[in-house]
Amino acid sequence: MTVGSQIGTGNLRPEMTNDEKKWVEKELEEQIERYEIIVKQMEDLTKEREEWVADFLKRIQTRGFHWHAENKRVISKDEVRPRDGRPLQVVY
Amino acid sequence: MARPHIEPFVDRDVDFKNMDLSGMPNGIKYKILSMDTDNGACTLTVQYDAGFKQPPGFCYNEMEIFIQEGSLKVGDKLCLKGHYFFVPAGKSLPEITSETGALLLIFYNFGPPSFQESDENHDNCDPSKYANVNSYEGLDWTGNALYPATAPGCLLKMLHYDEKTHGMTFLYCMVPGFWQDNISYHDCAEEAYHIWGTSWMMQFGDLPTGGYFWRPAYINHGCFKSDHGILAIGRTDGDLHNHFHHDPFSTPKENAERAAARLARQRPAMYKWILTQDHNHVPHDFENPDDHVDPTQSDTAQIINPDGSHWP
């Protein structure tokens, strides 16, 4: 799915011109570079993120977990799924 | 059709480029925020130079425009920051000028940018879908009517709502001190751009002014906070349901399976009917008999990798 309306014809010239194809190809190459930079930046945050996650798991077992709007409930220890060595991947 | 997971990206970190695509008017600079790998649909930060002038004309594909800074004169109408336009494919806009220049966000929904000089609509245009509003002055903030909802202090202004897909474009804000202690994911892709302010997510850290993400379905995000508040514009490609949970390590596949299990519990009759009626095609909708949107055929990719592989 792409964003945008399904209530009308979204593109009246779906076949790209040669210029458009070249422009899109170049921009997609740059998008891959941008993606790789993001992956590296997010890897660099790993240590801080592990601390943020530990703080989150502590907070929901003390202050509470927002399950709807302002409604919170405290999560019991046995409701917290064990990590069991699972990685913390954030970019896919 | 899909875009890769771009999150987070801050447009202030890169320079503008001159728009050199043939047919486009002079005086346009742009930064690509994300692009669909199949059809070239894209989201751009755009700068119109002071003195910009574009003759009457249309874009071949549907687009949405939001004025962040500066002003545009569209025909006789002066449009200031906060103005939003939904422009159907082939809808001719009158002459557009900008005396002082303008910083825009432009969404090209089904293809790359294009411009055809014309003072008439394309023959196949449906101009009835054209809409524009100054979202800062013409719309009120509303609470979040979703269930389950985000924490209090996250407010919305609906800019565009697709009656078929429930995809939407909206302004949202977080009040200073906003805090939401849960992890969320959705069945739809989500895109957002920070017009002003910084928010924080447990996975991605700070997202400041100019911060952007395109996030495919089923990817964890949150918990959330904003110390000083934010103003942002967001979009989805379908119905936005908040699947809240508290497992920071769940994967998109696990999240999708959980969402399907919840559907089976909450709509058992429909779930069973879909599974058991030998449907290898999208079921017929008597209200929309000509619909040909088939996610099993053309829009399967939720998460795509740089090498083009994707899941599912």
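Reckoned from all heavy atoms, side chains included, excluding hydrogens, waters and symmetry mates. Since we're looking at a predicted model, the values are computed, not measured.
For B/Thr169, no part lies near chain A; criterion is any non-hydrogen pair under 4.5 Å. Neither the backbone nor the side chain of A/Gln89 comes within less than 4.5 Å of any heavy atom in chain B. With a threshold of 4.5 angstrom between heavy atoms, A/Arg86 approaches chain B through its backbone and through its side chain. Using a 4.5 Å cut-off between heavy atoms, A/Ile37 makes no contact with chain B at all. Both the backbone and the side chain of B/Asn124 come within contact range of chain A, each with at least one heavy atom under 4.5 Å from a heavy atom of that chain. For chain B, the nearby part of A/Glu30 is the side chain; its heavy atoms alone come within less than 4.5 Å. Proximity to chain A involves both the backbone and the side chain of B/Gln203, based on heavy atoms less than 4.5 angstrom apart. With a threshold of 4.5 angstrom between heavy atoms, B/Asp20 approaches chain A through side-chain atoms but not through N, CA, C or O. For a residue to count as touching a neighbouring chain, one of its non-hydrogen atoms must lie under 4.5 Å from one of that chain's; by this rule A/Pro87 touches chain B with the backbone only. If you measure heavy-atom distances from B/Met24 to chain A, you find no contacts under 4.5 Å at all. Contact of B/His246 with chain A is made through backbone and side chain together, with heavy-atom distances under 4.5 Å. For a residue to count as touching a neighbouring chain, one of its non-hydrogen atoms must lie under 4.5 Å from one of that chain's; by this rule B/Pro248 touches chain A with backbone and side chain alike. Only the side chain of A/Arg59 has a heavy atom closer than 4.5 Å to any heavy atom of chain B.
Between B/Tyr185 and B/His245, the distance from one ring center to the other falls under 6.0 angstrom. You'll find the ring centres of A/His68 and B/Tyr147 inside the 6.0 Å limit. Between B/Phe110 and B/Tyr108, a ring centre-to-centre spacing not shorter than 6.0 Å is recorded. Between B/Tyr30 and A/Trp23, the ring centre distance stays below 6.0 Å.
Interface remark: of the candidates B/Gly205, B/Pro88, B/Ser128, B/Gly205 forms the most heavy-atom pairs closer than 4.5 Å to chain A. Highest contact tally toward chain B, considering only A/Glu25, A/Lys72, A/Arg63, is held by A/Arg63 [criterion: heavy-atom pairs under 4.5 Å]. Options B/Gly143, B/Pro152, B/Gly167, B/Gly111 differ in how many heavy-atom pairs under 4.5 Å they form with chain A, and the most are formed by B/Pro152. Taking chain B as the reference chain and counting heavy-atom pairs below 4.5 Å, the highest number among A/Leu57, A/Leu12, A/Ile38 is found for A/Leu12. Heavy-atom pairs under 4.5 Å with chain A peak, among B/Gly153, B/Cys223, B/Gly23, B/Ala89, at B/Ala89. Of the residues considered (A/Gln31, A/Glu70, A/Arg81), A/Gln31 shows the highest number of contacts with chain B, using heavy-atom pairs under 4.5 Å. Across B/Thr150, B/Asn61, B/Leu146, the residue that shares the most heavy-atom pairs under 4.5 angstrom with chain A is B/Asn61. Of the listed residues B/Gly222, B/Gly40, B/Ala151, the one with more heavy-atom pairs under 4.5 angstrom with chain A than any other is B/Ala151. The residue among A/Val80, A/Leu28, A/Asp55 with the most heavy atom pairs within less than 4.5 Å of chain B is A/Leu28.
With B/Phe170 as the aromatic partner, B/Arg235 does not meet the cation-pi criteria of under 6.0 angstrom to the ring centre and within 45 degrees of the ring axis. Both the sub-6.0 Å distance and the 45° axial angle are satisfied by B/Lys225 relative to the ring of B/Trp200. Relative to the ring axis of B/Phe58, B/Lys91 does not place its NZ or CZ within 45° and under 6.0 Å from the centre. A cation-pi geometry, defined here as NZ or CZ lying under 6.0 Å from the six-membered ring centre and within 45° of its normal, does not hold between A/Arg73 and A/Trp67.
Atom CD of B/Glu120 is surrounded by 12 or fewer heavy atoms from other residues, nucleotides or ligands within 6.0 Å. Dense packing is recorded around NZ of B/Lys17, with more than 12 heavy atoms of other residues, nucleotides or ligands lying under 6.0 Å away.
Each of B/Asn182, B/Asn255, B/Asp187 was compared with B/His243 under the side-chain hydrogen bond (donor to acceptor under 3.5 Å, both in side chains) criterion, and only B/Asp187 meets it.
One side chain, A/Asp78 or A/Ser76, offers a donor N or O that lies under 3.5 Å from an acceptor on the other. In this model, no donor atom of one side chain and acceptor atom of the other lie less than 3.5 Å apart for A/Thr46 and A/Glu43.
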